[in-house]
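Inspection log for the structure reproduced underneath, given as structure tokens.
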Amino acid sequence: MTGRRTTLREQRRAETHCLIQAHAVRLFAARGYDDTTVNDVAEAAGVSAMTVYRHFPTKEDLVLADRNGPLVAERIAATPAGQPLVRRIGNALVESARSLTDGDDRFLLARLRLMIATPALRARHLDNHYVLQQAIVDGLGEEAADPDSAFRAAAAASACLAVMHTALVRWAEEDGRADLPDLIATALAAAFTLPGPARPDPR
């Protein structure tokens with residue numbers, strides 16, 4: 001019974017988290033990031049400002065917080081070790097983009113536009129880049145346990161993330177009309193010449 005209560009509590013927390021972020025992104029897009037307060041978000045979501053801060057410690061987190069790091073790390077850990085690093089990382093980025101855009105690409109597009117257009121969010125977005133880079137290295141586990149291997153993994157991850165960013169900006173500029181995973185795969189194929197398939201296999 002305790003386990004069931006914990007699961008329900010976690011589910012409600014996740015639902016509240018998504019609800020708050022959805023209202024925040026909607027308000028930021030409609031009114032502007034700087035002209036919308038945390039209290040505005042709390043009122044729209046039907047919760048207290050304290051609840052908002054429990055889920056999102058800073059105002060920037062209302063836009064930037066996502067589940068991409070763990071998603072990419074899981075996919076990296078599941079890839080065969082024999083493949084080139086950039087292919088493994090590229091595949092993981094394409095697959096995670098497919099999961100994130102599955103039925104919810106307008107929300108992702110709104111978040112991305114806010115990140116690009118808002119100076120405070122652009123600065124924090126770089127922090128997220130480093131967090132995702134570290135998640136990729138961590139996903140490699142023992143393969144990146146020594147300093148030299150970790151350095152090579154971080155370099156490959158940083159390069160792939162820079163390419164992905166270019167694809168994300170293009171996707172936002174085109175109002176999300178292109179398929180984002182395919183756009184990322186095309187960008188990766190343009191940046192890296194690898195043996196085998198011309199671009200990461202999303203399967």
Side-chain angles (χ1 to χ4, degrees), residues 14-15 17-19 21-30 33 61-80 83-118 121-122 124-137 139-140 153 155-203:
E15 289 171 353
H17 184 97
C18 291
L19 176 70
Q21 190 173 38
H23 280 291
V25 169
R26 176 181 61 80
L27 290 176
F28 293 153
Y33 178 81
D61 290 329
L62 284 162
V63 177
L64 297 173
D66 61 34
R67 56 189 176 91
N68 201 30
L71 206 59
V72 172
E74 287 174 10
R75 281 161 171 72
I76 288 287
T79 56
Q83 293 183 355
L85 263 180
V86 291
R87 181 175 296 286
R88 296 171 67 189
I89 295 168
N91 282 345
L93 293 175
V94 170
E95 290 167 6
S96 66
R98 198 171 300 283
S99 296
L100 291 172
T101 56
D102 185 17
D104 199 21
D105 58 346
R106 303 310 296 181
F107 174 71
L108 181 61
L109 181 62
R111 287 181 60 232
L112 181 59
R113 282 174 166 165
L114 285 166
M115 291 178 205
I116 293 170
T118 310
L121 294 175
R122 283 202 302 270
R124 275 289 309 277
H125 183 55
L126 182 60
D127 292 339
N128 275 21
H129 176 102
Y130 288 122
V131 170
L132 184 51
Q133 176 180 298
Q134 190 56 50
I136 290 169
V137 175
L140 291 167
S158 182
C160 288
L161 290 172
V163 172
M164 183 179 73
H165 179 74
T166 301
L168 289 171
V169 171
R170 174 69 177 273
W171 187 64
E173 289 173 347
E174 295 184 342
D175 195 32
R177 288 188 296 273
D179 180 77
L180 180 58
D182 284 350
L183 196 60
I184 294 172
T186 298
L188 289 164
F192 304 109
T193 303
L194 295 169
R199 63 188 195 183
D201 185 351
R203 292 174 296 174

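The existence of a salt bridge linking Asp175 and Arg113 is confirmed by a sub-4.0 Å separation between a basic side-chain nitrogen and an acidic carboxylate oxygen.
For His165, the ring pair (Phe, Tyr, Trp, His ring centres under 6.0 Å) test picks out His125, with sequence neighbours left out.
Closest non-hydrogen pair, Gln21 versus Asp61, comes out as NE2-O, 4.1 Å. Contact detail for Met115 and Arg122: the closest heavy-atom pair is O-CG, 2.8 Å. A pairwise comparison of heavy atoms in Val163 and Ala191 identifies CG2-CB, 3.5 Å as the closest pair. Contact record, Ala157 with Gln133: CB-CG, 4.0 Å, taken as the closest heavy-atom pair. For the residue pair Ala178 and Trp171, the shortest heavy atom distance occurs at O-NE1, 3.0 Å. The two residues Ala153 and Ile89 have their closest heavy-atom pair at O-CD1, 4.3 Å.
To the nearest 0.5 Å, atom CZ of residue Arg177 and atom CG of residue Leu109 are 10.5 Å apart.
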Residue pair Leu188, Val94: steps toward the side chain to side chain contact (heavy atoms under 4.5 Å, CB included) verdict: CA-CA 9 Å; Leu188 289 164; Val94 170; 4.0 Å; yes
Evaluation steps, side chain to side chain contact (heavy atoms under 4.5 Å, CB included), between Leu180 and Leu108: CA-CA 10 Å; Leu180 180 58; Leu108 181 61; 3.9 Å; yes
Side chain to side chain contact (heavy atoms under 4.5 Å, CB included) between Ser158 and His129, intermediate numbers included: CA-CA 8 Å; Ser158 182; His129 176 102; 3.8 Å; yes
CA sep, side-chain torsions, deciding dist, call: Arg75, Asn91, side chain to side chain contact (heavy atoms under 4.5 Å, CB included): CA-CA 8 Å; Arg75 281 161 171 72; Asn91 282 345; over 6 Å; no
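In the displayed structure, Arg170 atom CZ is contacted under 6.0 Å by at most 12 heavy atoms of other residues, nucleotides or ligands.
No donor-acceptor distance shorter than 3.5 angstrom exists from the side chain of Arg98 to the backbone of Pro181, with no hydrogens or angles considered. With hydrogens and angles ignored, the 3.5 Å screen pairs a side-chain donor or acceptor of Asp66 with a backbone N or O of Asn68. A donor-acceptor pair under 3.5 Å is formed between the side chain of Asn128 and the backbone N or O of Leu64.
Cys160 pairs in a side-chain contact (heavy atoms from CB on, under 4.5 Å) with only one of the listed residues (Ile184, Ile136, Leu132, Val86), which is Val86. With Thr79 as the partner, the side-chain hydrogen bond (donor to acceptor under 3.5 Å, both in side chains) test is satisfied by one option alone out of Arg88, Glu95, Arg87: Arg88.
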